[in-house]
Each structure stands twice: as structure tokens, then as C-alpha cells.
Amino acid sequence: MQIVASPVYNLCPEKWNSIIPNNHKTFFFKILLILNFFANSTLISAYSFSTSYSMPLLQTLSSGPLKVAVIGSGNWGSVIGKIVASNAKTSYIFDENVRIWVYEELIEGKKLTEIFNQKHENVKYLPGVPLPENLTAHSSLKDTIRDANLLVFVIPHQFLKSTCETIKAFNFNFTNTKAISLVKGLYIDNNNNPKLSSELISEILGLDCSVLSGANVAKDVAKEEFSEATIGFDDKESADVWQQLFDKPYFKITGVPDISGVEVCGALKNVIALAAGFCDGMDMGSNTKAAIIRQGFEELRLFSTLFYNGTLEDTFFDSAGIADTITTCFGGRNLRCAAEFVKSKGTKSWSQIESEFLNGQKLQGTLTCYDLFKIITSKSLEQLFPLFTVTYKIAYEGMSSDELINEFKVKKLRRIKSYDDCTLCVLPAIFKDKKRKAR
Ligand SMILES: NC(=O)C1=CN([C@@H]2O[C@H](COP(=O)(O)OP(=O)(O)OC[C@H]3O[C@@H](n4cnc5c(N)ncnc54)[C@H](O)[C@@H]3O)[C@@H](O)[C@H]2O)C=CC1
Ligand SMILES: O=C(CO)COP(=O)(O)O
């Protein structure tokens, strides 16, 4: 974002915050804007006349720091609440008070929200991890998002539609509001086409919606172990603000202008993880599991390119792509539950495994696998997606898990690719001048 590059903005935000009392954030922000104007006046006009989204963020910022609401407080939602609240506390572009929506439940007779706000811990979904005191839990969705400029959606995908419809009924004016979806899941629309969470949010609420996805097993990010994530965006200015909100030295954020690519990766890697879990359940070694992951990733890439225009190769090499597939296939919930599914030899349903192993947390891969199969079969594309197809049949039609391997362990020779079958790697423009040096 141009403002980041401007000299004033680059005055270290942490230092500003240490000298600016929090209730003076708005005042100092206005000064900052004026200084910015002199530092780079073309920047201001770019913002003022931008038509790419409802209200330019800089214009919104002129009435004060941006207010953030986190919608969802499960395992990942709580970690995201921790990151966002800690950044909001030390940045002058975000309001210090961050609200998080908790789907209320009782823990030993006491409300989860009350425990959350007293102990500053989500004892059910992220036990043992201290949360910042400026992150407050609310059971009322309406109160959580009232006046918010930045809505962070981080709930299991099966609850997204109903949650958006609830929000729509509040009739809030969202002119000054942007959204980002951290939800990993895929839906099917009435024409048997895939639908993504960002599309659902934009469609129901009319919001400009970016996405964030990556190799982020929540319990490890909670411990501040190093990881990365990718923002998928349409509008670069919003992406820059989202990056400011999420980036930490231990949680590095990049971005690609490819919302659907990022989301398809986040949704379909969970189906690949089911197949990888079936391998674990059958006690297969790492070669077999790697072959299954490779096949799955190839199908994921094909799905994204077939169904969406503008899918970028870069997305697959970013955290949202290959890295998330790897981490989920080695340490995720979908993986563990799928291994248990195979070990139980058909005696346990998915919902039984989910409640036995996840204590209220939700599997995303199973429902996505179901909808994905419907999309593929409605278009007679099974032959292009053999791994997704066999994974569905094992998960939902009682097919033996051995078929996962039998599908690929065949006598028939595989096609050796010709040059025309392959995709040529193209050197990104920023490296073009290095080509001469290299050769
Ligand atoms: N946990 C992880 O490691 C990661 C999760 N994600 C994604 O983030 C999204 C949210 O996952 P988590 O935060 O892990 O959730 P979770 O699976 O840990 O928790 C389930 C959450 O759903 C809530 N809930 C239950 N019934 C509900 C209803 N009817 N309406 C609304 N909420 C309800 C529960 O109160 C709880 O907060 C998912 O799409 C997931 O794939 C992304 C990266 C990492
Ligand atoms: O998305 C995840 C890691 O990036 C978590 O995957 P699981 O839901 O399988 O735990």
C-alpha cells in the first residue's frame, strides 16, 4: 500500500504507540493523515477517488483507528484473536479493543464468555494459552460486530451461511466495513458449481472480502512457533491493511491477487488430508502417503484451474498451497480422524469420531469431500479426479480403504508426458534482469 511506503507511515508504529496514550489515537491519526498528505498527495487522491470498494480505507481511517471484530472463537479463532488483539494494541491504525464472538456454551455450569473474560483464556477451544486482555468475548453477534470496520470470519464452514444471514438481518450499514475469511471449506451452489466462503460473504452481506489461509495448525501458532500464511485479495489496499493486522515475526504474511486459488487450496487440502489419514490408518509408509498427497495436490490444482479463471501458479507454492497441504497431512485433525475412521473398520461414524476426538472442534474435510464429489459427478468429471472420487467412496459409501491404493497400483502404464502436456515455468517479471546474470 502506498501509505506504507510513505515516510510518515514508516515512523515505527510501535514507538508511536508507546508515546501516544490510547485514547488519543484518533487525534494523532488525523495528524498523521495530514502529514501523509504532504508526504504523498497523489496517494490521498488515489484513495479518495478509488472506486474498487465501498469506502476507501484511508477515508474510513480519517474518523479514527479501525475497529476489528473476530467472528468465531474455536481453536484457530482463538489464536487469531490473540494475534489480532496483540497487533491492535501496538498499532495506531487499529482500535485497541478487539471483540470476539463466542458461540455461547456452558462449561461446568458457567458461561464460556464469562470464563474467557475473567481468565483471558479459551478454556475449551485453546486451553493453556493466555489471551490479551484487550480481546473481549461476546455472546451477542450483534454487539460483537456493531461499528466494526474489519470483520474477520473464522468459523467452521458449515456455520458460515447461517451466521451471515443472521448478520444481514441486523441491517447494519457496511459502507465502512471490509471482511476477510479464514474459513476453510467448499460449498455447492444450486447449479452444482463450487462456491467459496468469500463469495458467500460478499453475496449475502455485500462486503468486499479477502481471504487468509496457510500452513497454520492452531496449537503450534498459539505457541508462537514460526509459520506463514497467504492473503488472497482483489484489492491491494485492503490486503496491506490485513497484512498489518495479522503479521507477526513468528507469523509472516504474504499476499497473492488470487482469492479463489487461496481458498480452493485451503478447502481441498482437507480432502487430501482424509486420504493421507486413510494411509496412516492402514499403516502405510511415507512413500505411499507422499504419492497420495502428490496425486491429491495435482487434482487440487486442476480443480482450481478448471473452475476458476485467474488461478496463479504462485498460489500453489505459497503457504496456502503446498505448505498447508503438507502440515495438514502430517499434523491436522482431518488426518487424525481419518486414520481413526479406517482403524474403526466401519464401526464409527464421522460424527462419532469427531465428538470422541475433537471435543467440540469441527472437521472440515468430510463435508467438503461430500460437496466436492457432487460437483465432480454432476459434471461427469470423475476420471479427472480419481483420488477425490475414491476418497469420497471410502468416506461415504463403505468402500474398503485398500481401494485408495488399488486405484493407483495398476498394471497399465502411465502416460509419459510430451512437451505439450507440460506447463512451462515462466520467470516472474521482477527476476527478468537476473536471467542474463544467471546464464
Ligand atoms: N484449527 C486449526 O488448526 C485451523 C483451522 N482453520 C479453519 O478455521 C475455521 C474455524 O476453525 P476453528 O477455529 O479451529 O474452529 P473449531 O473447530 O475449533 O471450533 C468449532 C467452533 O464452532 C463453534 N460453533 C459450534 N456450533 C456453532 C454454530 N451453530 N454456529 C456458529 N458457531 C458454532 C464452536 O463454539 C467453536 O467455536 C475452519 O474453517 C478451519 O478449517 C484454519 C487454520 C488452522
Ligand atoms: O487448516 C489447518 C492447518 O493449516 C488445520 O487442519 P485441520 O482442520 O485438519 O486440523
Side-chain angles (χ1 to χ4, degrees), residues 70-83 100-107 111-113 116 122-127 129 137 139 141 144 152-167 180-187 196-198 200 211-223 225 227-230 246 251 262-263 265-277 280 318-340 353-355 357-369:
V70 179
I71 301 170
S73 53
N75 194 224
W76 185 226
S78 302
V79 177
I80 283 300
K82 173 181 184 259
I83 290 172
I100 185 166
W101 178 55
V102 171
Y103 185 78
E104 192 67 281
E105 60 187 286
L106 295 179
I107 310 287
K111 286 181 178 169
L112 183 56
T113 42
F116 194 114
N122 188 336
V123 291
K124 174 146 185 199
Y125 293 100
L126 193 63
V129 177
S139 60
L141 183 55
T144 310
V152 179
F153 285 87
V154 54
I155 52 177
H157 79 286
Q158 56 269 47
F159 306 129
L160 185 65
K161 188 162 187 267
S162 59
T163 304
C164 286
E165 277 161 357
T166 307
I167 293 174
I180 192 163
S181 168
L182 280 60
V183 178
K184 291 179 178 174
L186 187 82
Y187 318 82
L196 300 168
S197 300
S198 63
L200 208 69
V211 296
L212 181 144
S213 190
N216 304 138
V217 170
K219 65 176 173 46
D220 299 333
V221 184
K223 285 187 271 176
E225 289 178 10
S227 70
E228 303 172 319
T230 314
F246 294 110
F251 189 52
V262 168
E263 274 197 279
C265 285
L268 298 197
K269 62 86 191 175
N270 284 336
V271 182
I272 305 173
L274 295 181
D280 283 4
D318 218 292
S319 183
I322 189 69
D324 195 10
T325 303
I326 294 170
T327 199
T328 311
C329 290
F330 285 89
R333 300 170 295 190
N334 288 288
L335 173 92
R336 281 185 279 125
C337 290
E340 181 58 26
I353 293 171
E354 187 181 66
S355 52
F357 283 80
L358 298 186
N359 187 33
Q361 294 181 35
K362 299 289 176 196
L363 280 178
Q364 301 289 266
T366 43
L367 294 175
T368 297
C369 178

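Read the numbers this way: they start at 1 and go in the same order the structure lists the ligands and their atoms. In what follows, residues are counted from 1 in the order of the sequence shown. Quick caveat: nothing in here was measured; it's all calculated off a predicted structure.
Judged by distance alone, the side chain of T113 and the main-chain N or O of S139 form no donor-acceptor pair under 3.5 Å. Under the 3.5 Å distance criterion, the side-chain polar atoms of S73 are matched with a main-chain donor or acceptor of W101. Under a 3.5 Å cut-off, the side chain of N334 and the backbone N or O of A273 do not form any donor-acceptor pair.
Counting heavy atoms from C-beta on, the side chains of I167 and F153 come closer than 4.5 Å. Taking the side chain as every heavy atom from C-beta outward, S78 and V129 never approach each other to under 4.5 Å. Two residues are said to be in side-chain contact when any heavy atoms from C-beta on lie closer than 4.5 Å; I80 and V221 fail this criterion. Taking the side chain as every heavy atom from C-beta outward, L182 and N216 never approach each other to under 4.5 Å. Within the 4.5 Å cutoff, the side chain of S181 has heavy atoms near those of the V211 side chain. Counting heavy atoms from C-beta on, the side chains of D220 and S227 never come closer than 4.5 Å. In this structure, N270 and T368 have side chains that are not in contact, with every pair of non-hydrogen atoms separated by 4.5 Å or more. Proximity of L186 to L196: side-chain heavy atoms (C-beta onward) are separated by under 4.5 Å at one or more points.
Counting heavy atoms closer than 4.0 Å to ligand 1, residue W101 contributes side-chain atoms (C-beta onward) but none from N, CA, C or O. Contacts of W76 with ligand 1, taken as heavy-atom pairs under 4.0 Å, involve both backbone and side chain. Proximity of D324 to ligand 2, defined as any heavy-atom pair under 4.0 Å, is confined to the side chain (atoms from C-beta onward). Of the heavy atoms in K184, both backbone and side-chain atoms come closer than 4.0 Å to ligand 1. Neither the backbone nor the side chain of Q364 has a heavy atom within less than 4.0 Å of ligand 2. Counting heavy atoms under 4.0 Å from ligand 1, residue I155 touches it through the backbone alone. Neither the backbone nor the side chain of K219 has any atom closer than 4.0 Å to an atom of ligand 1 (non-hydrogen atoms only).
Residue-to-ligand polar distances keep G332 apart from ligand 2: every N/O pair is separated by 3.5 Å or more. Checked against a 3.5 angstrom limit, the closest N/O atoms of K184 and ligand 2 fall inside it. Note: no N/O pair closer than 3.5 Å links F159 and ligand 1 by distance alone. Between V183 and ligand 1, no pair of N/O atoms sits closer than 3.5 Å.
Residue L182 approaches ligand 1 through these ligand atoms, each under 4.0 Å from one of its heavy atoms: 7 (C), 8 (O). Residue S73 approaches ligand 1 through these ligand atoms, each under 4.0 Å from one of its heavy atoms: 37 (O). Distances below 4.0 Å separate heavy atoms of G360 from the following atoms of ligand 1: 20 (C). The distance from ligand 1 to the heavy atoms of V217 drops below 4.0 Å at these ligand atoms: 3 (O). In summary, the atoms of ligand 1 found under 4.0 Å from a heavy atom of Y103, numbered by their order in the structure, are 24 (N), 25 (C), 26 (N), 27 (C), 28 (C), 29 (N), 30 (N), 31 (C), 32 (N), 33 (C), 35 (O). Residue-ligand proximity, N216 to ligand 2, at heavy-atom distances under 4.0 Å covers atoms 3 (C), 4 (O). Within the listing of ligand 2, atoms 7 (P), 8 (O), 9 (O) sit less than 4.0 angstrom from a heavy atom of N334.
The closest side-chain donor-acceptor pair between E263 and S213, if any, does not fall under 3.5 angstrom. Checked by atom type, the side-chain pair E354/Q361 shows no donor-acceptor distance below 3.5 Å.
Using 4.0 Å as the threshold, G72 has no heavy atom nearer than that to any atom of ligand 1. Within the structure, ligand 2 lacks A218 among the residues with a heavy atom less than 4.0 angstrom away. Heavy atoms of G185 stay at 4.0 angstrom or farther from ligand 1.
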Inset, instruction - Quick one: do N75 and R333 satisfy side chain to side chain contact (heavy atoms under 4.5 Å, CB included)? Show the steps, please. - result: CA-CA 11 Å; N75 194 224; R333 300 170 295 190; 4.0 Å; yes
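Protein heavy atom in closest approach to atom 44 (C) of ligand 1: N216 O, 3.0 Å. From the protein, the heavy atom lying nearest to atom 3 (O) of ligand 1 is A218 N, 2.8 Å. Taking atom 19 (O) of ligand 1 as the reference point, the nearest protein heavy-atom neighbour is G74 CA, 3.6 Å. K269 NZ, 3.2 Å is the protein heavy atom nearest to atom 2 (C) of ligand 2. Of the protein's heavy atoms, N75 N, 2.8 Å lies nearest to atom 18 (O) of ligand 1. The protein heavy-atom contact nearest to atom 38 (C) of ligand 1 is Q364 OE1, 3.5 Å. The protein heavy atom nearest to atom 10 (O) of ligand 2 is R333 N, 2.7 Å. Given atom 34 (C) of ligand 1, the protein heavy atom at minimum distance is Y125 OH, 3.5 Å.
Taking the six-membered ring where tryptophan is involved, the planes of F159 and Y103 are essentially parallel, since the angle between them stays under 30° and well short of 60°.
Using a cutoff of 4.0 Å between basic side-chain nitrogens and carboxylate oxygens, E340 and R336 are not scored as salt-bridged.
Between the NZ atom in K184 and the OG atom in S197 there is a gap of 11.5 Å [rounded to 0.5 Å].
Distances from atom 11 (O) of ligand 1 to the heavy atoms of K362, Q361, R333 put R333 nearest.
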